[in-house]
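This report concerns only the one structure given below.
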Amino acid sequence: MRIPLKPRRPLLLYSLICGSCFAIGCERPEAFAIEEPLIVAQPSEIVIVDRLNRKVCLSGLPKRIISLAPATTELMFAIGAGDLLVGATDHCNYPPSASQIARIGGGTMQGISHEIILSLKPDLILSKWDTHQPLIESFDRIRIPMLAIGPDSLVQLYEDAKMLGQATGHVTEADALIESMRRRVGALTSWVESLPKEQRRRVFYEVWDQPLMTVGPKSFIGELLELGGMDNVFSDATVAYPRISDEVVLDRNPDVVLAPTTHQTPVSLKILSKRQGWDRLLAVKNSQVFLIDGDKVSRCGPRMLDALEEMIRHVYPGKLPANQTDEVTVH
């Protein structure tokens with residue numbers, strides 16, 4: 001049964017997982033290819049085309065950068081540019097050294113402190129293309145450049161890594177990170193093609209509980225399910241993160257239920273499994289309800305492959321050897 005799935009405005013905390021483009025007249029540009037350089041270096045100027053197709057001009061390599069998203073902070077450290085960060089959000093907690101960076105607020109439009117940002121004297125602000133657009137005009141007026149990034153897939157994550165590498169002078173490190181991630185994806189998914197269709201397990205992934213939300217195929221978490229050989233029971237969703245009902249979950253009766261370790265508060269497997277009617281789910285009957293590290297699975301960043309490995313080990317135990325892990329190093 002196919003049901004219409006209508007997008008809803010996500011909660012403030014949920015905006016850390018996925019944003020919706022709310023600036024008037026703005027549409028997400030198609031993912032751009034990375035075969036052509038995204039940056040043109042001139043003697044005294046660097047020009048970068050960001051995810052809003054804006055030409056962002058930098059007068060040389062930036063030395064004081066502020067990150068407005070945890071995934072971006074992780075990516076900066078992963079390409080060896082973490083020491084350039086002078087400001088980050090309250091939720092930028094990885095790697096551990098990120099906790100030493102000055103806090104600029106929660107990362108949402110309501111939580112960001114303009115005063116703290118100005119006091120840190122940044123020469124570049126890394127914003128999310130979808131949730132921070134209203135800030136761009138404000139900081140453009142005072143000549144603080146903002147680079148709009150924010151991937152929704154692995155390919156786009158590679159593109160953002162390349163963009164940040166070129167913008168910060170860490171091209172070699174960014175290329176090494178991309179190659180490392182590509183190798184790991186291959187290692188983690190090499191068995192999927194040989195998995196018979198009838199053995200693919202039907203999975204429900206819960207993004208949020210109140211309201212109940214899941215992932216569609218246009219989300220990066222939906223991409224992880226597909227890479228791991230899992231059949232998303234909401235693969236017919238037309239938006240990335242649709243709102244659904246318990247009744248529809250019961251009707252689709254997944255073999256496995258996955259959820260992050262935290263929503264607004266830590267998720268309890270016991271409470272989740274005892275929701276009204278959920279005792280009828282195959283996943284609950286067979287004790288196939290699992291939690292995935294919330295920071296890893298809810299951020300489209302370098303550690304999303306750690307989340308993919310967690311998913312595979314829960315859904316298909318024994319498919320990966322014990323020494324499969326080849327975690328991307330985040331400095």
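We use all heavy atoms of the structure for the numbers below, so side chains are in, but hydrogens, waters and symmetry mates are not.
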Please report the C-alpha distance between His91 and Thr89 in whole Å, then the side-chain angles of each, then the deciding distance to 0.1 Å, and finally whether the side-chain hydrogen bond (donor to acceptor under 3.5 Å, both in side chains) criterion is met. CA-CA 5 Å; His91 304 282; Thr89 75; 5.9 Å; no
Might you work through the side-chain contact (heavy atoms from CB on, under 4.5 Å) test for Phe234 and Arg252, ending with a clear yes or no? CA-CA 9 Å; Phe234 285 96; Arg252 301 197 175 190; 3.4 Å; yes
Assess whether side-chain contact (heavy atoms from CB on, under 4.5 Å) is satisfied between Ile144 and Asp123, documenting all intermediate values. CA-CA 6 Å; Ile144 299 178; Asp123 47 20; over 6 Å; no
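Between the side chains of Asp246 and Trp278, at least one donor N or O sits under 3.5 Å from an acceptor N or O. For the residue pair His263/Gln210, the side-chain donor-acceptor check at 3.5 Å is not satisfied.
The number of heavy atoms from other shown groups lying within 6.0 Å of CD (Glu226) does not exceed 12. Around the CD1 atom of Ile271, the shell of radius 6.0 Å holds no more than 12 heavy atoms that belong to other residues, nucleotides or ligands.
Remark: Asp293 engages no residue in a salt bridge (charged side-chain N to carboxylate O under 4.0 Å, His left out) (not counting sequence neighbours).
Using a 4.5 Å heavy-atom cutoff, the side chains of Thr72 and Asp160 are not in contact. Side-chain contact check for Asp140 versus Arg54: some heavy-atom pair is nearer than 4.5 Å.
In terms of modelled atom types and a separation under 3.5 Å, the side chain of Ser219 and the main chain of Gly216 share a donor-acceptor contact. Remark: the backbone N or O of Asp255 is not paired with any side-chain donor or acceptor of Arg202 at under 3.5 angstrom.
Listed by first and then second residue, the ring pair (Phe, Tyr, Trp, His ring centres under 6.0 Å) pairs involving residues 287-315 are Phe290-His314 (not counting sequence neighbours).
Note: Trp208 and Tyr241 fail the aromatic proximity criterion, with ring centroids not under 6.0 Å apart.
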